[in-house]
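Data first, discussion second: the structure below is written as structure tokens.
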Protein chains: 2
Amino acid sequence: MKHVNYYLAASMKKLSRKQEIINVASKLFKEKGYSAVTMRDIAKSMGIKAASLYNHINSKQEILTYIIISLAEEFTQGMSSIKLSNKNSIEKLKQIVSLHINITINNTNGMASLNNDWMHLKDQKDYYLTLRVNYENSFRNIINKGIKKKEIINLNPDIMLFSILSTLRSLYLWIPKKEDLDPNELATSLSNVLLNGINR
Amino acid sequence: MKHVNYYLAASMKKLSRKQEIINVASKLFKEKGYSAVTMRDIAKSMGIKAASLYNHINSKQEILTYIIISLAEEFTQGMSSIKLSNKNSIEKLKQIVSLHINITINNTNGMASLNNDWMHLKDQKDYYLTLRVNYENSFRNIINKGIKKKEIINLNPDIMLFSILSTLRSLYLWIPKKEDLDPNELATSLSNVLLNGINR
DNA sequence: TTAACAAACTAACACTTGTTAGTTAACTCT
DNA sequence: AGAGTTAACTAACAAGTGTTAGTTTGTTAA
């Protein structure tokens, strides 16, 4: 008997086999990086042979591309609605913090590839880099406007951008260790630390 | 003629061939990660054949181990002298910021491996992880003492630790893009942002 | 019942990987 | 001049790489 009938609880939708592969691959990519994970590793984690993966996906590269591009587009979309919101710059920064937390909670493993394996993209690398640069520019714009309106201190905006973004991009390393933490509470606390510092 | 006599300016010390290999490897590891860099890549960058590398190093693994462990020990040593200094917690945090900036400026490429390739260590992985945990614990202790002495706001210390450390660990991505910036000025500005936030 | 499909399998290929063995040429020191 | 050392070379190997071709088997739709 080759096919197993998994019992599926009423609440869980059945994932396409392709999506299962992508999820398993994401987890392995997070642990060892794209280059160190072989198709045989992925297959073994699913209990099948490497060749069988090709009934569902076209290449290893396709898996990486899917993981990274869908996340990058999610960030782009999130940023574009933040730009449209009628809030001051501080509130917009808080929205950015929440955006990162929510996306990271939903796809912790994928965020590792986004951060560490984008250089292994082929066809879509330029597209990814464009999305990334645009995202950073939007972020910088919010900071610059905040400085002009005296909502944000008048310091080197690149240092502020780098500092905040580094923390947000590293969330994937940290969130899985703190499962008990509520996303909203985390957003509040983290915004507080990033915006107001820790000095008393 | 197989051997070239490089002209060495009086100011530059001649690096051992082994150290040259490690430097070249560090650069490649930063660009593509340890697993994606082959011995033939490293050799090509040096203008020699892969087999020739083995006159100077014992294995690819040895290169990675050297890069990571020497940096980790540098951090350990830096932290231990900060612990001994008679400063309040805010001043100690500023010293930690400077420690990261100085080490990163001196070995930007190596910092990439420290952050992203430590999981590919073999023999020395446990040792590395011990150093890392100890470092984080020392960092957390400084924050906790600061909270007790009311020098630091009374918020979740793990969030503060994570936030600051994420930024410091990402410096290697950012410092090479800002060559004009003076290390001391960067330390001052970054400490200011990390400790006092950006809110006006 | 049977045709079509989905998803697994075995076997194989061409290429790349880290590494070893043995050799050779140029410098250094006596 | 000769011995020793350093650092390059060529050639090769065994293991592992992503991927393809062709086949088999259970499930689904007509």
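Given the structure is predicted, the values throughout are model-derived calculations rather than measurements. Here is the naming used below: chain letters follow the sequence lines, and residue numbers restart at 1 for every chain.
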OP1 or OP2 of C:dC9 sitting under 4.0 Å from any side-chain N/O of A:Ser52? yes
Is any NZ, NE, NH1 or NH2 atom of the basic residue among B:Arg169 and B:Glu136 found under 4.0 Å from an Asp or Glu carboxylate oxygen of the other? yes
Looking at every heavy atom in both A:Glu185 and A:Leu181, which two are closest together, and how far apart are they? OE2-CD1, 4.0 Å
Rounded interatomic separation in angstrom, taking CZ from A:Arg17 and P from C:dA6: 15 Å
Rounded off to whole Å, could you give me the NE2-to-P distance for the B:His56 and D:dT5 pair? 16 Å
Assign the ring pair A:His100 / A:Phe75 to parallel, tilted or perpendicular, where the plane angle (0 to 90°) is split at 30° and 60°. tilted
For the residue pair A:Glu151 / A:Ser89, report whether a side-chain donor-acceptor contact shorter than 3.5 Å exists. yes
Can you tell me if CG on A:Asp180 sees more than 12 non-hydrogen neighbours from other groups inside 6.0 Å? yes
Quick one: what's the B/S/- string for nucleotides 13-22 of chain D, heavy-atom cutoff under 4.0 Å, read 5' to 3'? ----BBBBB-
Distance in angstrom units between B:Ile48 CD1 and D:dT6 P, rounded: 16 Å
Using a strict threshold of under 4.0 Å (side-chain N to carboxylate O), is an ion pair present between A:Asp158 and B:Lys177? no
Between P on C:dA6 and CD1 on A:Ile21, what's the gap in Å once rounded to a whole number? 15 Å
What integer distance in Å separates B:Lys49:NZ from D:dA11:C1'? 12 Å
